[in-house]
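Structure first, commentary second.
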Amino acid sequence: MKVAISAMSEDLEQQVNPVFGRCPGFVIVEIDGKEIKGHSFVPNPAAQSGMGAGIAAAQAVASQGVQAVVSGNIGPNAFMVLNQSGIKVYQVQGLSIEQAAKQLGEGTLKEMSAASAPGHFGMGAGRDPGPGRGAGGGAGRGAGRGNGAGRGRGPPMQT
């Protein structure tokens, strides 16, 4: 069986990556029962995508001819593409890639029936500058004392 496992690198001792769509790549493992016959690392073309990373990653692993995917979490769009491609999906936490592959070969991993993460799960948080609500800016409109030198000369304050 050919399996794609979310990963940081080709190292089989590393833990399965907790995200699918934006993981750095996939270890493609060929397993026969409990035995790993071979493996390679395929970079994820969607790792830095702004939008649609899950779909693009799912299409990329489908093009590798895998029968299964193992990851920490998989969002709804990626899950839908994998499911429509006939690829089984398994979620694991805290296992190395080698352990996950062997457990899949033994049949001890439970197949997922739905996405395990909401859409945009791997995007991070707090990066949108947004319009904000602070008054800030301080263009200064004070009349000052004496010769009028206290008048603000900056741009008008935006409200």
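Because only heavy atoms are used, hydrogens play no part in the values below, and waters and symmetry mates are left out as well, while side chains stay in. Computed from a predicted model, the values in this text were never measured in an experiment.
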Atom pair CE (Met8) and SG (Cys23), whose distance is rounded to the nearest 0.5 Å: 9.0 Å
Spacing of CD1 belonging to Ile74 relative to OG belonging to Ser6, to within rounding of 0.5 Å: 6.0 Å
For [X], enumerate each residue passing the side-chain contact (heavy atoms from CB on, under 4.5 Å) test, keeping only those at least two apart in sequence or located in another chain.
X      : value
Ala53  : Arg22, Ala46, Ser49
Glu111 : Lys88, Tyr90
Lys37  : Glu30, Asp32, Glu35

Going by heavy atoms in the side chains, are [X] and [Y] under 4.5 Å from each other?
X     : Y      : answer
Met80 : Ile55  : no
Gln64 : Val42  : yes
Gln67 : Ile87  : no
Leu82 : Val61  : yes
Ile28 : Val3   : no
Val29 : Lys2   : no
Met1  : Leu104 : yes
Asn44 : Phe26  : yes

Closest approach of Ser71 to Asn17 (non-hydrogen atoms, all atoms of both residues): OG-O, 3.8 Å
Is there a path from [X] to [Y] through hydrophobic residues (I, L, V, M, F, W, Y) whose side chains come within less than 4.5 Å of each other?
X      : Y     : value
Met112 : Ile5  : no
Phe79  : Val69 : yes
Val66  : Phe20 : yes
Ile31  : Phe41 : yes

Distance-only side-chain donor-acceptor flag, Gln14 / Ser9, under 3.5 Å: yes
Under-4.0 Å salt bridge between Lys102 and Glu106: no
Check: Val81 main-chain N/O paired with Gln84 side-chain donor or acceptor under 3.5 Å: no
Under 3.5 Å: donor-acceptor pair, side chain of Thr108, backbone of Gln103: yes
